[in-house]
Amino acid sequence: MAIQWFPGHMHVAQKKVAETMAKVDMVIEIVDARMPLSSSNPMIEKLRLHRQRPALKIINKTDLADPKLSQLWLNYFRQQAGTEALLMGEDNKQAAIKQIAVLCKKLAPFRNDAEKPLRAMILGIPNVGKSTLLNTLAKRKVARVADTPGVTKSQQRIETLDGVILYDTPGLMWPKVEHEPSGFRLALGGSIGRNAYDEILVAYFAIETLRERYPQELMARYKLNSLDGSVDELFNLIGRKRGALMAGGVIDEQKTADLIITDYRSKAIGRMTLEVPDDFIGVDLGSGDDLPDVLETEDDD
C-alpha cells in the first residue's frame, strides 16, 4: 500500500521550506519515537544536505515508545554527520526542552549573539507534536494544536527567550511514501489523513507487526491464548472478544479495525516501537529526485 497524501497546502509549503532553508543556520526536525526513520521526511533531508545545514533530531513521543529502542535510535541519529539528537516525551519534556537551545548553539556556534541570532527551521510530518513543542518553546500559544494531521497550513517566524529565531512550517509529507511498511506505520501512528488509507489493512499490519515484535503484549491486551493462525483469523478473534459484532454475530470489520488502531495510538497495548535501524538496510525511502526549483535561491546571511 503506497501512501499518497499530499494536500494542496503542502505543495506551497514544500517550495516555501526550500526557500527558507537558504536563510536559516540549521534544521530542527521532530520525528515520532515509535517510527523514527519512517517519520523523517526524506525531502527535508535532501534539502538540508544540499544546503549543508546541520540538524537536531528531536525524537518525540518517547512515552509511547519502547524505551530500549528509543535509546537505540538516539545513538543511531547521533552517529549521523552534522546531527545531534535528543529524546522527548511527556515524562521528560521540560528537561528535554532546556537542552534544545544548548544543542542548537552547539551545531551553529557562529550564530550566538543579538547581532547574529541563531535561525532555525522547525519541521516535522503532520501530528508529530511540532505545534505543541513550538508553543512551549515560545512560552505562548503561537500554533494550533490538534490530534489531526494537517492543522498548521502556513509558515510563521517566532523569537524565543533563548535568543533563537524559529521558522515554523506546516506538517509536511512527501508526495508518495514508496516504502510500504513505512506507509503502514505512518497510518497506524496517525500522521496520514484517514482518506488516504484503508483502516482494515492498517489493523492487519498492526497485528502482524505486534505478533512479531510484541507478542506477549498483544496476547495480554486481547486475552488471546495463542497467536497461531492467519492475521485474518486473529483479527476476527479480536473483534469477537471485544464485542465488535453486527446482527447475526458477524464481525464488524470497521469497528474492529478502529479499536485496534486506537489501542495502539493510546498506548493501551503498551509502549511499542515499530522499527529498528536494521529494518532499513538497503531501503531507499525516497522522496523523488525532483526537489523544488527554488534550490537556486542564494544564501542570505
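- Side-chain atoms of E275 come within 3.5 Å of backbone atoms of S38 as a donor-acceptor pair (strictly under, hydrogens ignored).
- At a threshold of 4.5 Å between side-chain heavy atoms, the hydrophobic network of Ile, Leu, Val, Met, Phe, Trp and Tyr places L133 and L64 in two separate groups.
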Exercise. Can you list the steps and then say if E45 with S40 is a side chain to side chain donor-acceptor pair (under 3.5 Å)?
Worked result: CA-CA 8 Å; E45 191 69 5; S40 180; 5.0 Å; no
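- The aromatic rings of F280 and W73 sit perpendicular to each other, their planes meeting at more than 60°, with 30° as the lower class boundary.
- The list of ring-ring contact (aromatic ring centres under 6.0 Å, His included) pairs with a residue in residues 258-279, not counting sequence neighbours, is empty.
- Pairs passing the salt bridge (charged side-chain N to carboxylate O under 4.0 Å, His left out) check and including a residue from residues 63-77, sequence neighbours excluded, do not occur.
- Counting heavy atoms from C-beta on, the side chains of H179 and R185 come closer than 4.5 Å.
- Heavy-atom neighbours of D232 CG from other residues, nucleotides or ligands within 6.0 Å: above the threshold of 12.
- Within the 4.5 Å cutoff, the side chain of L234 has no heavy atoms near those of the Y222 side chain.
- A donor-acceptor pair under 3.5 Å is absent between the side-chain atoms of S182 and the main chain of E180, judged by distance alone.
- Heavy-atom contacts from other residues, nucleotides or ligands closer than 6.0 Å to NZ of K241 number more than 12.
- Among all heavy-atom pairs drawn from R240 and G249, the shortest one is NH2-O, 3.3 Å.
- Taken from OG in S230 to CG in N236, the straight-line distance is 8.0 Å, to the nearest 0.5 Å.
- Each salt bridge (charged side-chain N to carboxylate O under 4.0 Å, His left out) pair with one or both residues in residues 32-41, not counting sequence neighbours, appears once here: D32-R34.
- I251 and M246 are not part of a single hydrophobic cluster, where members link through side-chain heavy atoms under 4.5 Å apart.
- Checking side-chain atoms of Q80 against main-chain N and O of Y76 turns up a donor-acceptor pair under 3.5 Å.
- You'll find the side chain of E233 stays beyond 4.5 Å of the side chain of F235, heavy atoms only.
- In this structure, the side chain of R211 engages the main chain of L227 through a donor-acceptor pair within 3.5 Å.
- Between V17 and M121 there is a side-chain heavy-atom pair separated by less than 4.5 Å.
- Using modelled atom types, no side-chain atom of D168 and backbone atom of I158 make a donor-acceptor pair closer than 3.5 Å.
- Residues that satisfy the side chain to side chain donor-acceptor pair (under 3.5 Å) test with R213, not counting sequence neighbours, are D279.
- Both I269 and Y204 belong to a single network of hydrophobic side chains, linked directly or stepwise wherever heavy atoms of I, L, V, M, F, W or Y lie under 4.5 Å apart.
- The two residues L259 and A244 have their closest heavy-atom pair at CD2-CB, 4.3 Å.
- Side-chain atoms of R119 come within 3.5 Å of backbone atoms of K23 as a donor-acceptor pair (strictly under, hydrogens ignored).
- The closest side-chain donor-acceptor pair between T20 and R157, if any, does not fall under 3.5 angstrom.
- Counting only heavy atoms from C-beta outward, the side chains of K57 and E84 never approach each other to under 4.5 Å.
- Hydrophobic clustering, with ILVMFWY side chains joined whenever heavy atoms are under 4.5 angstrom apart, groups L237 together with L201.
- Between the side chain of Y214 and the main chain of T273, a donor-acceptor pair closer than 3.5 Å is present.
- Partners of R221 by side chain to side chain donor-acceptor pair (under 3.5 Å), not counting sequence neighbours, listed by chain and number: D263.
- Nearest heavy atoms, L218 versus I207: CD2-O, 4.0 Å.
- Applying the salt bridge (charged side-chain N to carboxylate O under 4.0 Å, His left out) test to pairs two or more places apart or on separate chains, those with a residue in residues 250-262 are R194-D258.
- Side chain of R53 to main chain of M26: no donor-acceptor pair is present (N/O by atom type, distance under 3.5 Å, no hydrogens or angles).
- The shortest distance between side-chain heavy atoms of L74 and S70 does not fall below 4.5 Å.
- Nearest heavy-atom pair across I260 and A206 is CG2-CB, 4.1 Å.
- One distance of note links CD1 of I28 with CG of L56; it measures 5.5 Å at 0.5 Å rounding.
- You'll find the side chain of N127 stays beyond 4.5 Å of the side chain of I192, heavy atoms only.
- Separating the NZ atom in K267 from the NZ atom in K61 is a distance of 12.5 Å, to the nearest 0.5 Å.
- For the pair N41 and L123, the minimum side-chain heavy-atom distance is 4.5 Å or more.
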